[in-house]
Amino acid sequence: MNKEEQIRRFIMDYPIEVPRQALENELNYIRLEMRHRMRYDTLTGGPHHFDADGELEQMEDELRQAAYYEAKYDLVIKDIIARENFSVTRRELEEEAAAIAERQHSTIEMVYRFFGEDLAMLEKDLKRQKAEQWIFEKTM
């Protein structure tokens, strides 16, 4: 089983309730995104979706499963971050900013302009990465 599968199994087995509203919000987001992709396909010469609503209706069970996982993933990751009290140092933020600049063939200045001088937006991502690594190590 690969890392992604291990994390998925852990998330699904984690004892936390997914509030109905969180599930509905995620489901609405996924439907909106799928509808957008279908329109884009049709407009760009890809597959034509003459009855996007009908297609979405046929995919309802699959969409609900995806929405449930995404909603639960967010709750589990937040719970683990809080429980394990993960933190991110300034050095870690700067290293990630440098890595982003390199991956994007950009400059560190552009990364700081995008994320802000404090790199606060990156902090959340790094905490999520730490939580996922913690899950992976727990399930090995």
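Scope of the values below: all heavy atoms of this structure, side chains included, with no hydrogens, waters or symmetry mates.
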Student: Start with the C-alpha gap between Glu24 and Asn28, add the side-chain angles, then the distance that decides, and say whether side-chain hydrogen bond (donor to acceptor under 3.5 Å, both in side chains) holds.
Tutor: CA-CA 6 Å; Glu24 291 303 316; Asn28 288 334; 5.1 Å; no
Student: Pick out which of Glu26, Glu60, His36 makes a side chain to side chain donor-acceptor pair (under 3.5 Å) with Arg31.
Tutor: Glu60
Student: Under 3.5 Å, is there a donor on one side chain and an acceptor on the other for Asp61 and Gln65?
Tutor: no
Student: I'd like to know if Arg128 and Glu132 make a salt bridge, using a cut-off of under 4.0 Å between side-chain N and carboxylate O.
Tutor: no
Student: Hey, could you give me the CD1/CZ distance between Ile7 and Arg9, rounded to the nearest 0.5 Å?
Tutor: 13.0 Å
Student: Say you draw a straight line from CD of Glu102 to CD1 of Ile108; how long is it, rounded to the nearest 0.5 Å?
Tutor: 10.5 Å
Student: Counting only heavy atoms from other residues, nucleotides and ligands, does the tally under 6.0 Å from CE of Met110 exceed 12?
Tutor: no
Student: Looking at CG of Leu93 and CG of Asp118, how far apart are the two atoms once the value is rounded to the nearest 0.5 Å?
Tutor: 8.5 Å
Student: Applying the side chain to side chain donor-acceptor pair (under 3.5 Å) test to His49, which of Glu55, Arg37, Arg35 qualifies?
Tutor: Glu55
Student: Give a yes or no on whether a salt bridge exists between Glu84 and Lys127, defined as a side-chain N under 4.0 angstrom from a carboxylate O.
Tutor: no
Student: Would you say NZ of Lys138 has more than 12 non-hydrogen atoms from neighbouring residues, nucleotides or ligands within 6.0 angstrom?
Tutor: no
Student: Indicate yes or no: does Glu109 engage Arg113 in a salt bridge with an N to O separation below 4.0 Å.
Tutor: no
Student: Determine the minimum heavy-atom distance between Ala97 and Leu119, stating which atoms define it.
Tutor: CB-CD1, 4.0 Å
Student: For Gln129 and Gln133, does a side-chain donor sit closer than 3.5 Å to a side-chain acceptor?
Tutor: no
Student: Working to the nearest 0.5 Å, report the span between CZ of Phe10 and CD1 of Ile80.
Tutor: 4.5 Å
Student: Sort out for me which residue in Glu96, Glu92, Glu94 forms a side chain to side chain contact (heavy atoms under 4.5 Å, CB included) with Leu122.
Tutor: Glu96
Student: Go through the steps for Leu75 and Asp79 under the test side chain to side chain contact (heavy atoms under 4.5 Å, CB included), then give the verdict.
Tutor: CA-CA 6 Å; Leu75 294 169; Asp79 191 55; over 6 Å; no
Student: Parallel, tilted or perpendicular, judged at 30° and 60°: which one describes the rings of Phe50 and His48?
Tutor: parallel
Student: How long is the gap from CZ on Phe136 to CG on Asn2, to the nearest 0.5 Å?
Tutor: 8.5 Å
Student: Going from CD1 on Ile135 to CD on Gln6, what distance comes out if it is rounded to the nearest 0.5 angstrom?
Tutor: 10.5 Å
